[in-house]
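Scroll down for the structure; my scribbles are underneath it.
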Amino acid sequence: DTGVSQDPRHKITKRGQNVTFRCDPISEHNRLYWYRQTLGQGPEFLTYFQNEAQLEKSRLLSDRFSAERPKGSFSTLEIQRTEQGDSAMYLCASSLAGLETQYFGPGTRLLVL
Amino acid sequence: EDQVTQSPEALRLQEGESSSLNCSYTVSGLRGLFWYRQDPGKGPEFLFTLYSAGEEKEKERLKATLTKKESFLHITAPKPEDSATYLCAVQARIQGAQKLVFGQGTRLTINP
């Protein structure tokens with residue numbers, strides 16, 4: 001059990017550029033979640049997948065954000081036309097259906113200049 | 001709307017000085033309440049899940065308790081390595097809902 005992994009760990013981009021983050025969940029976990037965390041705040045839910053189906057999306061997930069989990073394994077989160085307000089830590093978590101505990105990865109810290 | 005409020009926002013203790021962190025919540029039916037520890041620049045690390053009022057769980061110097069309106073994280077004789085931000089989150093008992101709603105965290109500093 002290697003835990004949840006995320007790549008890259010850090011990303012600096014210019015406003016208007018597109019960025020993509022990857023998350024690899026714990027191998028047997030069929031649920032995968034994305035959260036966003038800004039400095040001094042707790043994580044805020046963005047979206048979650050069960051297997052390859054995206055089942056819940058937050059109002060925070062604007063049209064510029066898209067998430068995929070094409071084969072029910074890893075997931076990607078893409079932000080198009082980044083804005084300075086997108087600067088945050090993007091956290092991925094995974095869990096096993098039927099067990100509620102979510103295990104988090106190390107996060108991807110995004111800075112939009 | 002589900003809501004979690006943690007207090008205090010920050011707490012400084014001397015090594016060995018026991019204290020408690022508070023998590024007050026409102027939720028439309030509680031499926032679970034979760035405590036996480038987060039070190040600077042890292043993802044949250046799972047500590048405890050509590051499901052019903054009266055439940056208690058312990059791990060080393062930490063003990064979590066739950067009532068119908070709040071949860072406490074008691075830290076006994078803390079050490080400097082217990083310094084971190086402690087996050088509380090709730091999950092609502094709603095069909096199909098899996099999201100965690102987090103509080104803003106309590107930043108704990110243990111001075112040697």
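We name chains A, B, ... by the order of the sequence lines, and we start the count at 1 in each one.
In this structure, A/Ile12 places its CD1 atom where only 12 or fewer heavy-atom neighbours from other residues, nucleotides or ligands lie under 6.0 Å away. Counted within 6.0 Å of CG on A/Leu113, heavy atoms from surrounding residues, nucleotides or ligands total more than 12; the atom is thus considered enclosed. The environment of A/Glu68 atom CD is sparse: at most 12 non-hydrogen atoms of other residues, nucleotides or ligands sit within 6.0 angstrom. At most 12 heavy atoms of other shown residues, nucleotides or ligands fall within 6.0 angstrom of atom CZ in B/Arg12. Environment of CZ in A/Arg15: sparse, with no more than 12 heavy atoms of neighbouring residues, nucleotides or ligands closer than 6.0 Å. More than 12 heavy atoms of other shown residues, nucleotides or ligands fall within 6.0 angstrom of atom NZ in B/Lys57.
Within the model, atoms CG of B/Leu33 and CD of A/Glu100 stand 13.0 Å from one another, a figure rounded to the nearest 0.5 Å. To the nearest 0.5 Å, atom CZ of residue B/Phe46 and atom CD of residue A/Gln102 are 10.5 Å apart. Of the inter-residue distances, the one linking A/Phe45 atom CZ with B/Gln91 atom CD reads 10.0 Å to the nearest 0.5 angstrom.
Only the side chain of A/Glu56 comes within less than 4.5 Å of a heavy atom of chain B; its backbone N, CA, C and O stay farther away. Contact of A/Leu91 with chain B is made through the side chain alone, with heavy-atom distances under 4.5 Å. Of the atoms belonging to B/Arg107, not a single heavy atom falls under 4.5 Å from chain A.
A/Gln37 and B/Gln38 share a donor-acceptor pair across their side chains, judged by distance under 3.5 Å alone.
Residue A/Val4 is grouped with residue B/Leu87 when hydrophobic side chains (ILVMFWY) are merged at heavy-atom distances under 4.5 angstrom, including chains of intermediate members. Residues B/Phe48 and B/Val90 share a single hydrophobic cluster, defined by chaining ILVMFWY side chains whose heavy atoms lie under 4.5 Å apart.
Using a 4.5 Å heavy-atom threshold, the side chains of A/Tyr35 and B/Leu100 count as touching. B/Gln98 places a side-chain heavy atom less than 4.5 Å from the side chain of A/Tyr33.
If you tally non-hydrogen atom pairs under 4.5 Å between each of B/Glu9, B/Gln104, B/Glu45, B/Lys99 and chain A, the highest count goes to B/Lys99. Considering only heavy-atom pairs separated by less than 4.5 Å from chain A, the leading option among B/Gly105, B/Gly43, B/Ala89, B/Pro44 is B/Pro44.
The main-chain N or O of A/Tyr103 is never found under 3.5 Å from a side-chain atom of B/Tyr36 such that the two would form a donor-acceptor pair.
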